[in-house]
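Here's the structure, in structure tokens; my notes come after.
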Protein chains: 2
Amino acid sequence: MNISKIAELAGVSRTTVSRFLNDGYVSEANRLKIQKIIDETGYVPSSYAQTLRTKKTNLIGVILPKISSETISRVVDGISGEIGKYGYNVLLGNTDLDIEKEIEYLNIFKNNEVDGIIFVATVITKKHLEMMKKIKRPIVIVGQNVENYSCIYHDDFGAAYSAVRYLIENDKKNIGYIGVSEKDVAVGKERMNGYLKALKDYNYELEKERIQIGEFSTESGYEGCKALVQDNKYLDAIFCATDSIAIGAMEYLKKNNINIPKEIAIISIGDSRVSKVVSPKLTTIHYHYKTSGIEAAKLIISKLQNKDKEIKNIKLGYKLKERESIQ
Amino acid sequence: MNISKIAELAGVSRTTVSRFLNDGYVSEANRLKIQKIIDETGYVPSSYAQTLRTKKTNLIGVILPKISSETISRVVDGISGEIGKYGYNVLLGNTDLDIEKEIEYLNIFKNNEVDGIIFVATVITKKHLEMMKKIKRPIVIVGQNVENYSCIYHDDFGAAYSAVRYLIENDKKNIGYIGVSEKDVAVGKERMNGYLKALKDYNYELEKERIQIGEFSTESGYEGCKALVQDNKYLDAIFCATDSIAIGAMEYLKKNNINIPKEIAIISIGDSRVSKVVSPKLTTIHYHYKTSGIEAAKLIISKLQNKDKEIKNIKLGYKLKERESIQ
DNA sequence: TTGTATGCGTTATCAT
DNA sequence: ATGATAACGCATACAA
């Protein structure tokens with residue numbers, strides 16, 4: 001069933017049917033005739049033909065590293081709910097942590113496959129920038145602050161700073177850090193910088209062996225904590241870049257009968273589901289992940305409607321969740 | 001950039017370029033010329049024009065109740081990874097737990113918007129069935145066993161039966177149950193039936209006040225457990241339909257200083273991240289969620305390739321994870 | 001092995 | 001207010 005068939009059945013030209021569908025004006029008589037045929041046949045226009053003609057896909061490409069992550073799936077939830085209100089749908093670009101696939105998706109999407117791109121980013125390389133430069137449709141980056149692009153991200157430096165300051169205010173003297181590679185600017189670099197700056201501001205000495213860099217995993221947190229404990233006699237607190245890392249660190253401490261929080265206090269960033277359930281309950285910093293998805297969606301929609309031509313930079317706040325892993 | 005421009009730049013006809021792209025034969029000389037131009041320009045064919053012409057979208061519509069759920073996001077991970085191998089992408093139909101939206105998506109997808117549909121289902125109504133009947137492209141249902149449709153689902157009855165049998169084998173005499181509405185056949189009905197059958201097989205008396213039905217949430221587990229404890233003097237174990245419910249139940253018990261597992265043992269289904277971290281660690285049943293996504297993907301792909309015409313019914317197994325909430 | 005011509009279903013332009 | 005026609009970018013039947 002197509003527009004011509006409908007036109008034929010209604011006894012009008014397909015132009016008239018097209019006008020009817022697109023709210024152009026059609027006489028009352030024809031309006032009724034066409035509506036009747038459409039109801040009878042259950043006709044729905046081909047979105048592919050429409051796209052070919054109008055260049056509008058009504059799709060937002062969402063590129064992300066891993067959908068089965070608590071934080072990222074919340075972002076997607078925010079995106080999909082918000083763009084749905086405007087008649088858009090999500091075309092998923094799940095890269096499964098493969099950076100080459102990110103480039104691939106950018107390449108596919110660049111050719112007007114989607115009306116806009118929301119890129120949930122971890123590491124931005126030169127290749128990414130080159131690829132993105134070629135894309136003429138709006139791009140919004142979530143989770144990282146990238147020059148010359150509209151971004152929604154979290155105050156990683158501020159959150160890390162606050163976390164460490166909170167430890168200091170609670171009389172912790174020897175604070176370790178377990179983080180991830182600085183290639184991830186937001187999680188790796190900014191959070192470590194927050195740690196370093198807080199130490200500096202409070203005249204704490206920086207000691208190299210108090211810093212452990214690993215992966216985004218509990219295993220990595222476990223190993224990092226082990227190294228920290230073995231290398232630092234007087235350690236009394238650890239700031240972990242993510243909840244997963246903190247969970248791993250806590251595992252190590254509990255296994256070795258080191259009391260949390262009396263002997264070693266723990267703080268991290270994420271406010272994940274596990275953080276509320278682990279024992280002791282993890283003191284952590286809440287990020288507004290779903291909000292970041294919603295804001296990214298709003299931003300891209302306003303760009304698509306040409307209401308927002310310039311580059312926008314939205315830094316979202318955070319909130320300390322005081323629980324039981326610090327005393 | 002389009003196929004004609006590429007043809008022009010390469011000094012051949014657009015037919016030749018089309019053949020090049022579709023693995024038809026082209027002379028070595030032209031092959032090199034075309035490849036060079038494509039590399040230089042970064043040309044990607046318009047999938048919309050291709051779809052208009054061939055009726056193939058290379059898209060799988062994935063309808064799901066909530067993406068920010070640990071189980072569902074794992075299913076999607078499986079789907080997206082597997083269909084990606086065959087050049088398909090995921091068009092997301094996130095309904096945010098709104099059943100009307102499921103119908104809407106089915107309606108949108110029915111008009112050849114996608115090549116196939118994977119429906120991660122919770123409750124199947126008559127409306128769903130009516131809508132699905134109209135759809136001519138392949139549909140695979142995940143998580144529920146629906147007559148006349150190909151399904152990938154878990155052995156909910158068997159898993160529940162095994163869970164309760166495990167409690168019985170561990171000398172539990174008075175076993176409560178906290179579940180969800182039977183409208184969800186898999187989680188609500190089948191799991192309760194497994195509970196009931198195990199009691200019956202081992203000659204345990206069924207007592208009405210040992211059954212609590214609520215929602216998919218920790219709060220509901222908390223309330224259900226409270227009711228169970230208050231109404232049942234000799235209760236010594238609870239089987240929870242989901243990990244979230246179990247976490248809530250454990251919260252209530254811990255708050256009221258009822259020892260887990262000594263006074264009341266807990267078992268559930270899900271093997272979620274929290275189940276490994278909560279104290280005591282939750283004994284639970286592992287489901288192969290990612291596998292179900294992969295299997296659903298494989299099934300729909302084989303249907304699209306016309307290798308699999310008939311209705312297929314795949315029931316996935318489960319695995320008991322013995323941890324600390326039963327003694 | 002290559003090219004010409006046509007049509008997929010729609011919307012936009014222009015004329016009536 | 002309506003209709004004829006062209007064009008979007010591609011794949012395919014057919015001819016060469």
Side-chain angles (χ1 to χ4, degrees), chain A residues 1-38 41-59 87 107-115 136-137, chain B residues 1-38 41-59 87-89 108-115 136-137 304:
Chain A
M1 190 53 57
N2 59 37
I3 199 169
S4 299
K5 282 256 174 69
I6 299 293
E8 197 182 315
L9 290 170
V12 297
S13 76
R14 63 172 184 246
T15 309
T16 302
V17 178
S18 176
R19 260 194 294 263
F20 172 86
L21 292 169
N22 295 286
D23 282 329
Y25 47 74
V26 176
S27 68
E28 192 58 24
N30 280 340
R31 193 176 288 280
L32 290 171
K33 276 194 281 184
I34 295 169
Q35 185 62 63
K36 188 173 165 239
I37 302 297
I38 288 179
T41 55
Y43 163 74
V44 178
S46 154
S47 68
Y48 294 92
Q50 287 178 321
T51 295
L52 183 59
R53 190 60 237 248
T54 63
K55 306 296 171 219
K56 197 163 183 311
T57 67
N58 289 313
L59 252 36
N107 191 32
I108 293 172
F109 288 170
K110 95 169 179 301
N111 206 51
N112 305 332
E113 194 77 7
V114 293
D115 290 343
K136 275 148 203 162
R137 305 234 166 166
Chain B
M1 189 53 59
N2 59 38
I3 197 170
S4 299
K5 282 255 174 68
I6 298 294
E8 198 182 316
L9 289 170
V12 297
S13 77
R14 61 173 188 246
T15 309
T16 303
V17 177
S18 177
R19 260 194 295 261
F20 172 85
L21 293 168
N22 296 286
D23 282 330
Y25 46 71
V26 176
S27 68
E28 191 58 24
N30 281 340
R31 193 175 288 280
L32 290 172
K33 275 195 280 183
I34 296 170
Q35 186 62 61
K36 188 172 166 241
I37 301 296
I38 289 179
T41 56
Y43 164 73
V44 178
S46 155
S47 69
Y48 295 93
Q50 287 178 321
T51 295
L52 185 59
R53 187 64 234 258
T54 62
K55 306 295 170 219
K56 198 163 180 312
T57 68
N58 290 313
L59 251 36
Y88 286 87
N89 279 310
I108 293 172
F109 289 169
K110 94 168 178 302
N111 205 53
N112 305 332
E113 195 77 7
V114 293
D115 290 343
K136 275 149 200 159
R137 305 235 167 163
L304 290 172

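First the proteins, then the strands, lettered A, B, ... as listed; each starts at 1.
Of the candidates C/dG3, C/dC8, D/dC10, the closest approach to any side-chain atom of B/Val12 belongs to C/dG3. With distances taken from any side-chain atom of B/Arg14 to the nucleotides D/dG3, C/dT6, D/dA13, the minimum falls on C/dT6. In this structure, the nucleotide among D/dA6, C/dT6, C/dG9 sitting nearest to the side chain of A/Ser46 is C/dG9. When distances run from any side-chain atom of B/Thr15 to the nucleotides D/dC8, C/dG3, D/dT5, the shortest one goes to C/dG3. Residue B/Thr16 has its side chain nearest to C/dG3 when only C/dG3, C/dT10, D/dT2 are considered.
Rounded to an integer number of Å, the gap from A/Tyr48 OH to C/dT10 P is 14 Å. Rounded to an integer number of Å, the gap from CG of A/Asn58 to P of C/dT10 is 15 Å. The CD1-C1' distance, from A/Ile38 to C/dT10, rounds to 14 Å in whole Å. Following rounding to the nearest Å, B/Arg19 (CZ) and C/dT2 (P) show an atom-to-atom distance of 7 Å. If you take CZ of A/Arg31 and C1' of D/dA1, they are 11 Å apart, rounded to a whole angstrom. Here the C1' atom of nucleotide D/dC10 and the NZ atom of B/Lys56 are 15 Å apart, to the nearest Å. Following rounding to the nearest Å, B/Leu52 (CG) and C/dT10 (P) show an atom-to-atom distance of 9 Å. Spacing between atom CD1 of A/Ile3 and atom P of C/dC8 amounts to 14 Å, rounded to whole angstrom units.
You'll find the side chain of A/Phe20 reaches within 4.5 Å of the side chain of A/Gln35, heavy atoms only. Looking only at side-chain heavy atoms (C-beta outward), B/Leu304 and B/Tyr88 come within less than 4.5 Å of each other. Counting heavy atoms from C-beta outward, A/Tyr25 and A/Arg19 have side chains that stay 4.5 Å or more apart.
At D/dT2, none of the side-chain N or O atoms of A/Ser13 fall inside 4.0 Å of OP1 or OP2 (strictly under the cut-off). Listed pair A/Lys5 / C/dG9 fails the phosphate criterion, with no side-chain N or O lying under 4.0 Å from OP1 or OP2. The side chain of B/Ser27 places an N or O atom within less than 4.0 Å of a non-bridging phosphate oxygen (OP1 or OP2) of C/dT2. OP1 or OP2 of D/dT2 sits under 4.0 Å from a side-chain N or O of A/Asn30.
Among the atoms of the strands shown, none is found under 4.0 Å from any heavy atom of A/Phe20.
Comparing B/Val26 and A/Ser47 by the nucleotide of DNA chain C that holds the closest heavy atom to each, the one mapping nearer the 5' end is B/Val26.
Residue A/Ile6 forms a side-chain contact (heavy atoms from CB on, under 4.5 Å) with just one option from A/Val12, A/Val17, A/Thr16, and that option is A/Val17. A/Thr57 pairs with exactly one of A/Asp115, A/Thr51, A/Asn112 by the side chain to side chain donor-acceptor pair (under 3.5 Å) rule, that one being A/Asp115.
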